[in-house]
There are 2 protein chains.
Amino acid sequence: MSDENKHLRYERQAEIAKAIGHPLRVAIIDFLKDGEQCVCDIAQHAGSERSNISRHLSVMVRAGILGYRKEGLKVIYKLKTPCILDFFSCVAVVIKQQVKESEKLLKSM
Amino acid sequence: MSDENKHLRYERQAEIAKAIGHPLRVAIIDFLKDGEQCVCDIAQHAGSERSNISRHLSVMVRAGILGYRKEGLKVIYKLKTPCILDFFSCVAVVIKQQVKESEKLLKSM
DNA sequence: TGATTATATGGCAATATACTCACATATTAC
DNA sequence: GTAATATGTGAGTATATTGCCATATAATCA
């Protein structure tokens, strides 16, 4: 792969990671894992203003991880690539590893 | 899981995703996938100043995705949780999906 | 000891991001 | 047509991130 292509790929990967990298957006992804939801319900569940949620949703749509469809007055968002959820299991690995290290540190005191 | 725990988990997950969410940091992770490297080599490979790379590395260490050891003058960084790399294959899925959509759009014109 | 090398960090300016409020748009029902 | 509802967006402020430079720290070697 050329350096320029690599650079583009890194930009793209970073954009996707950044689109996940906010507590509210993680909460939204977690909420959408069981099925599509309208903005109103997402806002209610995440506990934030609709306008704010709307912006966070558009960030994730732009990054390519969410899709949406309109149904009457409502706009229904859904996870486009559920493999995003695998990332969360890796996060669990990271956290477990940190717990293990803390325990090791504690034992050596 | 309690709401408070959920909130903490979301924060933690977001922190880790954010730690990946920068082109230089993606480049660093990609460089480290084949083994540990010193700051000097990482900086050279990523094409940025050492001071800048040093900061990016500390972001990832804080998030728990990198570890390091000192060896003489050098500090050697390594991927702590290679499952982070699985995230990149999901990114590939996201990108492929977008290509597919663009093609569909093109055909309909 | 002093010189050299590798890395980390404080300070600063530029830029990007997040949140809130008000308003615009779009769809439905009457 | 108007009213009501759901969503999106512009503007402004607050805060965070980034990159660069100068400098601090730490390890090695003469």
Side-chain angles (χ1 to χ4, degrees), chain A residues 7 10-32 35-80, chain B residues 7 10-32 35-80:
Chain A
H7 185 72
Y10 293 155
E11 293 266 4
R12 198 68 193 77
Q13 288 176 323
E15 189 194 3
I16 293 168
K18 212 156 52 168
I20 304 176
H22 187 285
L24 266 180
R25 294 199 287 262
V26 174
I28 292 171
I29 292 172
D30 190 50
F31 184 49
L32 291 180
E36 54 182 19
Q37 297 282 355
C38 66
V39 179
C40 48
D41 288 344
I42 295 170
Q44 166 136 42
H45 188 266
S48 180
E49 291 219 5
R50 290 186 192 182
S51 66
N52 194 25
I53 293 295
S54 183
R55 259 182 243 277
H56 283 297
L57 289 168
S58 76
V59 168
M60 291 190 279
V61 169
R62 220 174 311 137
I65 62 185
L66 295 190
Y68 64 91
R69 65 185 176 83
K70 303 194 174 182
E71 191 178 292
L73 271 176
K74 296 186 174 176
V75 181
I76 318 280
Y77 284 84
K78 69 156 180 261
L79 262 189
K80 213 164 158 187
Chain B
H7 185 71
Y10 293 155
E11 293 266 0
R12 199 65 194 78
Q13 288 176 322
E15 189 194 4
I16 293 168
K18 211 157 55 170
I20 304 177
H22 187 286
L24 265 180
R25 296 200 285 262
V26 173
I28 292 171
I29 292 171
D30 190 50
F31 184 49
L32 291 180
E36 55 182 18
Q37 298 283 353
C38 67
V39 179
C40 49
D41 288 343
I42 295 170
Q44 166 137 40
H45 187 266
S48 180
E49 292 216 5
R50 289 186 193 183
S51 66
N52 194 23
I53 293 294
S54 183
R55 256 185 244 275
H56 283 296
L57 289 168
S58 77
V59 168
M60 291 190 280
V61 168
R62 219 175 312 136
I65 62 184
L66 296 190
Y68 64 91
R69 64 186 177 83
K70 301 193 176 185
E71 189 178 294
L73 272 175
K74 297 186 174 176
V75 181
I76 318 280
Y77 284 85
K78 70 159 180 259
L79 262 188
K80 214 163 158 186

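Letters A, B, ... mirror the listed sequences (proteins, then strands); counts begin at 1.
- The terminal axes of the helix from C:dT1-D:dA30 to C:dC30-D:dG1, fitted over 5 pairs per end, subtend an angle of 20° to the nearest 10°.
- The interatomic distance linking A:M60 (CE) with D:dG8 (P) rounds to 12 Å, in whole Å.
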Item to check | Reading 5' to 3' through nucleotides 24-30 of chain C, protein heavy-atom contacts under 4.0 Å coded B for base, S for sugar-phosphate only, - for none | outcome: --BBS--
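- Per the geometry, CD1 belonging to B:I76 stands 11 Å off P belonging to C:dA8, to the nearest Å.
- For residues 10-23 of chain A, the set of pairs meeting the salt bridge (Lys or Arg N to Asp or Glu O under 4.0 Å) definition, not counting sequence neighbours, comprises A:R12-A:E15.
- The aromatic rings of B:H45 and B:F31 sit parallel, their planes meeting at an angle under 30°, below the 60° perpendicular limit.
- Among residues at least two apart or in separate chains, there is no salt bridge (Lys or Arg N to Asp or Glu O under 4.0 Å) pair with a member in residues 40-56 of chain B.
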List every contact pair, protein side and nucleotides 21-25 of chain D side both N or O, where the distance is under 3.5 Å.
residue : atom : partner : partner atom : Å
D:dC21  : OP2  : B:E49   : OE2          : 3.1

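- Taking atom CG of B:L57 as the reference point, atom C1' of C:dT9 lies 14 Å away to the nearest angstrom.
- In terms of phosphate contacts, A:H56 brings no side-chain nitrogen or oxygen within less than 4.0 Å of OP1 or OP2 of C:dT17.
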Atom pairs and distances, side-chain donor-acceptor, residues 60-70 of chain B, under 3.5 Å, sequence neighbours left out:
residue : atom : partner : partner atom : Å
B:R62   : NH2  : B:S58   : OG           : 3.4
B:R69   : NE   : B:E36   : OE1          : 3.2
B:R69   : NE   : B:E36   : OE2          : 3.3
B:R69   : NH1  : B:E71   : OE1          : 2.6
B:R69   : NH2  : B:E36   : OE2          : 2.4
B:R69   : NH2  : B:E71   : OE1          : 3.2

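- Shown here are the side-chain contact (heavy atoms from CB on, under 4.5 Å) partners of B:S48, two or more places apart in sequence or in another chain: B:L24, B:N52, B:I53.
- Phosphate contact (OP1/OP2 of D:dG8, side-chain N/O of A:Y77, threshold under 4.0 Å): present.
- Distance CD1 (A:I28) to C1' (D:dT7): 14 Å, rounded to an integer number of Å.
- Side-chain atoms of B:R25 come within 3.5 Å of backbone atoms of B:A19 as a donor-acceptor pair (strictly under, hydrogens ignored).
- Taking atom CD of B:Q37 as the reference point, atom P of C:dT7 lies 11 Å away to the nearest angstrom.
- With sequence neighbours excluded, the residues forming a salt bridge (Lys or Arg N to Asp or Glu O under 4.0 Å) with B:K80 are A:E101, listed by chain and number.
- The distance from atom CD1 of A:I53 to atom P of C:dT17 is 18 Å, rounded to the nearest whole Å.
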At a cut-off of 3.5 Å, list every protein nitrogen or oxygen paired with a nitrogen or oxygen from nucleotides 13-15 of chain C, distance to 0.1 Å.
none

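- When the P atom of D:dG8 is taken as reference, atom NZ of A:K74 falls 13 Å away, rounded to whole Å.
- Distance check: B:D30 CG to A:Q13 CD gives 7.0 Å after rounding to the nearest 0.5 Å.
- The shortest heavy-atom contact between B:Y10 and A:P23 is CB-O, 3.8 Å.
- With sequence neighbours excluded, the residues that form a side-chain contact (heavy atoms from CB on, under 4.5 Å) with B:A17 are A:I20, A:F87.
- Heavy-atom distances under 4.0 Å link DNA chain D to no residue of residues 38-45 of chain B.
- Contact check of residues 18-27 of chain B against DNA chain D (heavy atom, cut-off under 4.0 Å) returns B:K18, B:H22, B:R25.
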